[in-house]
Amino acid sequence: MALSFSVAARNAQLDTLTTSVGTSGYLRIYSGSRPANVAAAITGTLLAELVCNASAFAAAASSGALTANAITNDSSANATGTATHFRVWKSDGTTGVMDGDVSTSGADLNLDSVSITTGQVISVTSFVITDNNT
């Protein structure tokens, strides 16, 4: 049987992301295979880089969910390719905090289209991280 946590414990776990990302972290979207973990080197090509708000996430998680504050669009995508994964980077731009899959539905980050073209505007209008009990 899987572990279960109280809502307060799940909120506290999520709130550590705000501290980990710091001010103005990065959401970078890549092609290729997702690395095995956040400590592993990135694989694939950087397709887009979006800058998180000075306060990356809401002041506190609520009901086991943490909502990102506004994320600045990438006004000109870096490369052409198929988006497959993302990494959230600390504000230093070199320390990975979180990885996830990218798709058009059912993924950690859902985009309107995973086909990205150099120069295209890339936006993320909503980003909510949920810590569910399983």
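Every heavy atom of this structure was used, including side-chain atoms; hydrogens, water molecules and symmetry mates were not. One is the number of the first residue; the rest follow in order along the sequence.
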Judged by atom type as modelled, is there a donor-acceptor pair below 3.5 Å linking the side chain of [X] to the main-chain atoms of [Y]?
X	Y	value
N73	V121	no
N53	A56	no
D74	E49	yes
D131	G64	no
T118	T80	yes
R87	G96	no
S6	A9	yes

Task: Spacing of L46 atom CG and Y26 atom OH [to the nearest 0.5 Å] - done: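 Interatomic distance, L46 CG to Y26 OH, rounded to 0.5 Å: 12.0 Å.
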Task: Pairwise distance NZ(K90) to SG(C52) - rounded to 0.5 angstrom - done: 13.5 Å
Open item on the list: Quick check: closest heavy atoms across Q13 and T16, and the distance to 0.1 Å?
Closed with: O-OG1, 2.6 Å
- [ ] Kindly give the heavy-atom pair with the smallest separation between A79 and T45, and that separation in Å.
- [x] CB-CG2, 3.7 Å
- [ ] Hydrophobic side-chain clustering at under 4.5 Å (ILVMFWY, transitive links): who's grouped with F86? Put none if nobody.
- [x] L14, L17, V21, L27, I29, L47, L50, F57, L66, I71, V88, V97, M98, V102, L109, L111, V114, I116, I122, V124, F127, I129
- [ ] Return yes if a side-chain donor-acceptor contact under 3.5 Å exists between T43 and S33, otherwise no.
- [x] no
TODO: Count the heavy atoms of every other residue, nucleotide or ligand shown that sit under 6.0 Å from CG of D112, and state whether that count exceeds 12.
DONE: no
Open item on the list: Using the rule given for side-chain hydrogen bond (donor to acceptor under 3.5 Å, both in side chains), can you reason through T18 versus D15, listing the C-alpha separation, both sets of side-chain angles and the distance that settles it, and then say yes or no?
Closed with: CA-CA 6 Å; T18 301; D15 287 342; 5.2 Å; no
- [ ] May I have the step-by-step check of side-chain hydrogen bond (donor to acceptor under 3.5 Å, both in side chains) for T82 and S31, ending in yes or no?
- [x] CA-CA 5 Å; T82 302; S31 65; over 6 Å; no
Task: Sub-4.5 Å side-chain heavy-atom contact between H85 and D99 - done: no
